[in-house]
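Notes follow once the structure below has been shown.
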Amino acid sequence: MTDNSRDLFLRARDVMPGGVSSPVRAFKAVGRHPLFVQSGSGSAIVDADGKEYVDYVMSWGPLILGHAHPEVLGRVLETAAMGLTYGAPSEPELELAEKIVDAVPSVEKVRLVSTGTEAVMSAVRLARAVTKRDDVVKFEGGYHGHSDGLLVKAGSGALTFGSPSSPGVPKDFAKHTFVCRYNDLESVDAVLSKRKIAAVLVEPIAGNMGVVLPAGGFLEGLRDLTRKRGALLIFDEVITGFRASYGGAQEAFGLEPDITTLGKIIGGGLPVGAYGGPAEIMDRLAPDGDVYQAGTLSGNPVACAAGAATLKILKKTMPYRRLDALGARLERGLLDAAAAKGVDAAINRAGSVLTLFFKKGGAGTYEDVMQASTSRFAKFFHGMLERGIYLPPSAFEAWFLSAAHTEEDVDRTVKAAAEVLGTL
Ligand code: KE4
């Protein structure tokens with residue numbers, strides 16, 4: 001049997017660090033070499049050996065409509081045929097910006113960039129300029145891209161500075177970032193009552209420690225605390241934007257942050273990030289304002305065409321109820337299978353994103369989810385892969401459903417899970 005993925009991966013390791021362009025793809029958390037994906041269509045991918053899988057990575061979130069949606073592809077090809085990039089304003093860029101402003105309640109103006117990292121990095125700079133403060137708060141287990149100030153882990157005590165979570169991040173950068181506990185408002189008040197904070201940065205539904213839902217009152221509490229203390233509230237909706245609902249988590253929860261960051265779905269599979277908010281804040285950005293941020297391919301017409309086509313289809317079809325029902329079917333099936341096999345499992349789910357944790361009891365905090373068994377997940381991952389189910393290769397990532405996933409996909413996944421859970 002050929003193993004083209006392995007051969008390709010060995011070649012890749014010769015020319016790319018770790019053989020990948022982003023670390024999680026290397027399968028280090030689950031072992032063995034990654035699959036090289038040759039094609040995708042709907043809910044399925046085909047690997048370099050021609051084997052097909054039901055895909056729950058879906059490029060880590062952008063593909064809410066599924067792989068290679070014909071209308072999105074058509075719009076991309078049509079736009080690309082006219083030219084790829086101009087470094088000048090273009091209508092697809094404007095069309096995407098108008099759709100975002102129309103959809104996201106707190107966003108009156110939006111700046112388009114190329115990645116979520118760039119969106120969050122720029123939003124933090126803007127918040128610092130607007131508040132004239134340097135320090136920011138993030139949450140343990142929160143991931144907001146790889147800008148220096150956000151690759152920070154919790155300091156020893158609540159009030160101590162963060163420390164770099166990666167070599168190459170100067171201590172001086174990390175000391176401006178305080179790390180609090182998700183779903184723990186007291187840990188936030190402990191910092192905001194003592195320090196002048198520019199912004200609190202939060203994933204309104206956490207997706208990067210696995211899925212962890214906001215406890216009742218947590219987000220509302222952050223909104224009150226930040227307003228009281230003169231800090232801005234930044235909702236990092238790179239995952240939840242156009243996923244939790246068409247208007248994102250802020251629409252689903254009825255809350256308005258001061259700045260929203262977006263990515264993934266708004267690019268429809270091509271590189272687009274964005275940050276937006278009230279005109280009063282956003283107008284501080286160059287060229288009208290004095291806060292600088294720029295990008296060669298920001299607002300790229302082909303990428304924006306993919307995003308605009310995706311949002312157009314989402315608004316027309318509003319697949320959210322069906323996505324939630326499909327997510328519930330998968331959650332129920334997995335939990336029933338785990339119970340039947342006597343395997344401790346917890347699932348957190350928000351609509352079409354979920355994470356299965358191999359642990360007893362709930363998973364309501366970072367401390368909870370860190371108790372999950374990664375070795376059991378690795379075994380489960382490979383058992384599922386052998387049965388044609390492609391899960392995120394890490395115990396602490398979100399599984400993504402799309403509008404292209406079917407009940408048959410879900411039932412096949414549950415059947416495979418029942419078999420694999422029996423072997424753990
Ligand atoms: P990008 O720079 O990867 O486009 O976006 C960074 C980012 C920002 N905010 C949130 C809430 C995010 O989830 C992300 C990126 N998510 C990861 C998956 N957990 C992308 C996958 C990867 O890093 O390869």
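Quick note: residue numbers are just sequence positions, from 1.
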- Are the side chain of Glu98 and the backbone N or O of Glu95 linked by a donor-acceptor pair below 3.5 Å? no
- Item | Under 3.5 Å: donor-acceptor pair, side chain of His69, backbone of Ile313 | no
- May I ask you to decide whether Lys196 forms a salt bridge with Asp135, counting only side-chain N to carboxylate O separations under 4.0 Å? no
- Message: Please confirm whether the ring centroid of Phe358 lies under 6.0 Å from the ring centroid of Phe380.
- Response: yes
- Task: For Asn348 and Leu354, run side-chain contact (heavy atoms from CB on, under 4.5 Å): C-alpha distance rounded to whole Å, both residues' side-chain angles, the deciding distance at 0.1 Å, then the answer.
- Result: CA-CA 6 Å; Asn348 288 340; Leu354 66 85; over 6 Å; no
- Message: Please verify the inter-ring angle class for Phe357 with Phe396; under 30° counts as parallel, over 60° as perpendicular, anything in between as tilted.
- Response: tilted
- Note on the structure: side chain to side chain contact (heavy atoms under 4.5 Å, CB included) filter on Glu108, not counting sequence neighbours, yields Pro278, Ala279
- Within-4.5 Å side-chain heavy-atom neighbours: Tyr86 and Asn300: no
- Message: Quick check against the 3.5 Å criterion: does Thr177 have a side-chain atom that pairs as donor or acceptor with the backbone of Leu150?
- Response: no
- Message: A side-chain contact here means heavy atoms from C-beta on lying under 4.5 Å apart; do Tyr390 and Ile45 qualify?
- Response: yes
- Message: Determine whether a donor-acceptor pair (N or O, by modelled atom type, separation under 3.5 Å) exists between the side chain of Arg229 and the backbone of Ala231.
- Response: no
- With a 4.5 Å limit on heavy-atom distance, are the side chains of Leu401 and Val410 in contact? yes
- Item | Modelled atom types, side-chain donor and acceptor of Thr365 and Asn183, under 3.5 Å | no
- Message: Take a 6.0 Å sphere around CD of Glu91 and say whether it holds more than 12 heavy atoms from other residues, nucleotides or ligands.
- Response: no
- By salt bridge (Lys or Arg N to Asp or Glu O under 4.0 Å), Asp148 pairs with (sequence neighbours left out) none
- Item | Cationic N near anionic O, under 4.0 Å, Lys228 to Asp224 | no
- Item | Check: Glu237 side chain, Ala249 main-chain N or O, donor-acceptor pair, under 3.5 Å | yes
- Item | Cationic N near anionic O, under 4.0 Å, Arg349 to Glu331 | yes
- Report the distance from atom OG1 of Thr310 to atom CD1 of Ile64, rounding to the nearest 0.5 Å. 9.5 Å
- Query: Does any donor atom in the side chain of Thr413 or Tyr56 lie under 3.5 Å from an acceptor atom in the other side chain?
  - Reply: yes
- Task: State the CG-CG distance between Leu35 and Leu385, to the nearest 0.5 angstrom.
- Result: 5.0 Å
- Query: Is it the case that Gln293 and Ser122 place a side-chain donor and acceptor less than 3.5 Å from each other?
  - Reply: no
- Message: To the nearest 0.5 Å, what is the distance between CG on Leu222 and CG on Leu255?
- Response: 9.0 Å
- Item | Main-chain N/O of Asp283 paired with Asp288 side-chain donor or acceptor, under 3.5 Å | no
- Ignoring hydrogens and angles, tell me if any N or O in the side chain of His144 forms a donor-acceptor pair with the backbone of Asp236 under 3.5 Å. no
- Do the side-chain N and O atoms of Thr117 and Ser147 include a donor-acceptor pair separated by under 3.5 angstrom? no
- Where at least one partner belongs to residues 113-128, residue pairs that pass salt bridge (Lys or Arg N to Asp or Glu O under 4.0 Å), sequence neighbours excluded: none
- In terms of heavy-atom contacts, does OH of Tyr292 have more than 12 from other residues, nucleotides or ligands at under 6.0 Å? no
- Query: Is a side-chain donor or acceptor of Ser59 paired with a backbone partner of Gly61 at a separation under 3.5 angstrom?
  - Reply: no
- Can you name the residues that form a salt bridge (Lys or Arg N to Asp or Glu O under 4.0 Å) with Asp134, not counting sequence neighbours? none
- Heavy-atom distance under 4.5 Å between the side chains of Leu314 and Pro319, does that happen here? yes
- Which is it for Ile100 and Leu112 under the side-chain contact (heavy atoms from CB on, under 4.5 Å) test, yes or no, and what are the steps along the way? CA-CA 10 Å; Ile100 292 169; Leu112 300 174; 4.0 Å; yes
- Would you check if the distance from the ring center of Phe27 to the ring center of Phe381 is below 6.0 Å? yes
Please report, to 0.1 Å, the donor-acceptor pairs under 3.5 Å made by any side chain of residues 199-219, with sequence neighbours excluded.
{"from": "Glu203", "atom 1": "OE1", "to": "Gly207", "atom 2": "N", "distance (Å)": "2.8"}
{"from": "Glu203", "atom 1": "OE1", "to": "Asn208", "atom 2": "ND2", "distance (Å)": "3.0"}
{"from": "Glu203", "atom 1": "OE2", "to": "Tyr143", "atom 2": "N", "distance (Å)": "3.0"}
{"from": "Glu203", "atom 1": "OE2", "to": "Asn208", "atom 2": "ND2", "distance (Å)": "3.3"}

- Message: I'd like to know if the side chain of Arg243 pairs up with that of Ser352 as donor and acceptor (distance under 3.5 Å, no hydrogens or angles considered).
- Response: yes
- Would you tell me whether Glu397 and Ser394 have side-chain atoms, one donor and one acceptor, within less than 3.5 Å of each other? no
- When you measure from the side chain of Lys138 to the backbone N and O of Gly142, does any donor-acceptor pair fall under 3.5 Å? yes
- Could you please spell out the steps behind the side-chain contact (heavy atoms from CB on, under 4.5 Å) verdict for Val120 and Ile234? CA-CA 9 Å; Val120 176; Ile234 301 176; 5.9 Å; no
- Message: Could you tell me if the side chain of Ile265 sits less than 4.5 Å from the side chain of Leu65, heavy atoms only?
- Response: no
- Residues Lys359, Asp368: salt bridge by 4.0 Å N-O rule: no
- Message: Does His146 have more than 12 heavy atoms from other residues, nucleotides or ligands lying within 6.0 Å of its NE2?
- Response: no
- Quick one: side-chain hydrogen bond (donor to acceptor under 3.5 Å, both in side chains) partners of Ser373, sequence neighbours excluded? Ser375
- Rounded to the nearest 0.5 Å, how far does CG of Leu63 lie from OG of Ser402? 8.0 Å
- Message: Run Val20 and Phe9 through side-chain contact (heavy atoms from CB on, under 4.5 Å) and show every step you take.
- Response: CA-CA 8 Å; Val20 291; Phe9 188 54; 4.2 Å; yes
- Given Glu407, which of Arg322, Arg412, Arg329 fulfils the salt bridge (Lys or Arg N to Asp or Glu O under 4.0 Å) condition? Arg329
- Item | Any Phe235 side-chain heavy atom under 4.5 Å of Thr261 side chain | no
- Query: Has the side chain of Ser106 got a donor or acceptor atom that lies under 3.5 Å from a matching backbone atom of Gly277?
  - Reply: no
- Does the side chain of Glu256 pick up a donor-acceptor pair with the side chain of Gln250 at under 3.5 Å? no
- Query: So, Glu71 and Arg75, do they make that salt bridge, N to O below 4.0 Å?
  - Reply: no
- Query: Less than 4.5 Å apart, any side-chain heavy atom of Thr406 and any of Ser43?
  - Reply: no
- Query: Would one find more than 12 heavy atoms of other residues, nucleotides or ligands at under 6.0 Å from atom CD of Glu220?
  - Reply: yes
- Query: Side chains of Thr355 and Ile347: closer than 4.5 Å at any heavy-atom pair?
  - Reply: no
- Between atom NZ of Lys264 and atom CZ of Phe400, what is the distance when rounded to the nearest 0.5 Å? 5.5 Å
- Strictly by modelled atom types, are Asp47 and Ser5 linked by a side-chain donor-acceptor pair under 3.5 Å? no
- Item | Approximate separation, where rounding is to 0.5 Å, of Lys315 NZ and Tyr246 OH | 5.5 Å
